[in-house]
Amino acid sequence: MPELPEVETTRKSLLPLVRGRTIETVEVFYDGVIKNMPALEFCQTLTGQRIEDVNRRGKYLLFHLSGGYSLVVHLRMTGQLVFLGPGGLPGPNARLVFFLSGGGQLRFMDTRKLGTVHLVPTGCWKQAGGLAELGPEPLEEGFTLEAFVGLLKNSKCAVKSLLLDQRRIAGIGNIYADEILFAAGINPRRPANGLDPVERERIYNAIRDKLGQGLQHRGTTIRDYVDGKGERGDFQEHLQVYSRAGKLCQRCGATLVKCVVAGRGTVFCPRCQR
DNA sequence: ACAATTACCTGTATGC
DNA sequence: TGCATACAGGTAATTG
């Protein structure tokens, strides 16, 4: 499940491999991945454009192209963007293949077909998908404690729901939400507007800590995630709660409990997160 | 206006 | 062994 650390790791690994290369040919194996135009128009528009830069916003990857267009990619659950040498079979999960100048190819693979691609004029890349409504980047300087407190005060929803709401904070998904709340010692069901100042600051610090740790470990590979070079992350070896239901809390020894919050599987420690 | 639920998808795990 | 079912979850669309 690519979240901010996984998408950013993909961006960083792809950038030196694809920047400056020209898209010579595009092959579409699953039309449904392209959300805002027919496949033929998509291929024709992309052909001949050079990749100038690769950016990230929330969980979206943005490929800015020389011809005035930007390719906006969301990996959703099982999407992978991998750079490979020339040749080789595309494989059953290949949805798009971009053949690049210099002999390499950028493959978008996605077992579950939930990933999305938009091709938009660079000047209005915010119109693609849900980009227009994304909240602040949690690792940027503008995301202060005061800004975070402002988000919490007006919302009575469960604090985990708030962390997952991309309109409020961009980039946090189910894995990091559970890890953040464990690190902060906060029960996922606690109403956001019922937290005291000390608790708010613990969550704020945990957001930065856990996303930063995820980045340092080059992401979490539970099953599908790999970066732009096809390499797995290793933060899964450091998870405290996610995917550990029924196992023992490494802090207090209690048995970790699984429940449903905001419609998603949620693991927490009933003793450390009351 | 806001919150909860369903649709989109398929590989994996589980139950009978 | 084979088949049916539940589950995984990010986001858009729908329902309450």
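Residue numbers start from 1 in every chain, and the chains themselves are labelled A, B, ... in the order their sequence lines are given, proteins ahead of strands. Computed over heavy atoms, backbone and side chain alike; hydrogens, waters and symmetry mates excluded.
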Take atom CZ of A:R76 and atom P of C:dA8, then tell me their distance rounded to the nearest Å. 18 Å

Would you classify A:G265 as touching base, sugar-phosphate or nothing, given that sugar-phosphate means primed atoms plus P, OP1 and OP2, and contacts are heavy atoms under 4.0 Å? sugar-phosphate

Please classify the nucleic acid contact of A:M1 as base, sugar-phosphate, or nothing, using heavy-atom distances under 4.0 Å. sugar-phosphate

What integer distance in Å separates A:Q80:CD from C:dG10:C1'? 16 Å

Centre of A:F83's six-membered ring, under 6.0 Å away, within 45 degrees of the axis: is that where NZ or CZ of A:K229 sits? no

So, for A:Y69 and A:F63, is the gap between ring centers shorter than 6.0 Å? no

For A:T255 and A:P270, work out which heavy atoms get closest and say how close. O-CD, 3.4 Å

Whether the side chain of A:R223 and the base of C:dA8 hold a donor-acceptor pair under 3.5 Å is what I'd like checked. no

Separation of A:E3 atom CD from C:dG9 atom C1', in whole Å? 10 Å

Is A:K258 touching bases, backbone alone, or none of the nucleic acid, heavy atoms closer than 4.0 Å? sugar-phosphate

Between A:H74 and A:Y60, what is the ring plane arrangement, given parallel below 30°, perpendicular above 60°, and tilted in between? perpendicular

Nearest to the A:H74 side chain among C:dT11, B:dA3, B:dG11, which nucleotide is it? C:dT11

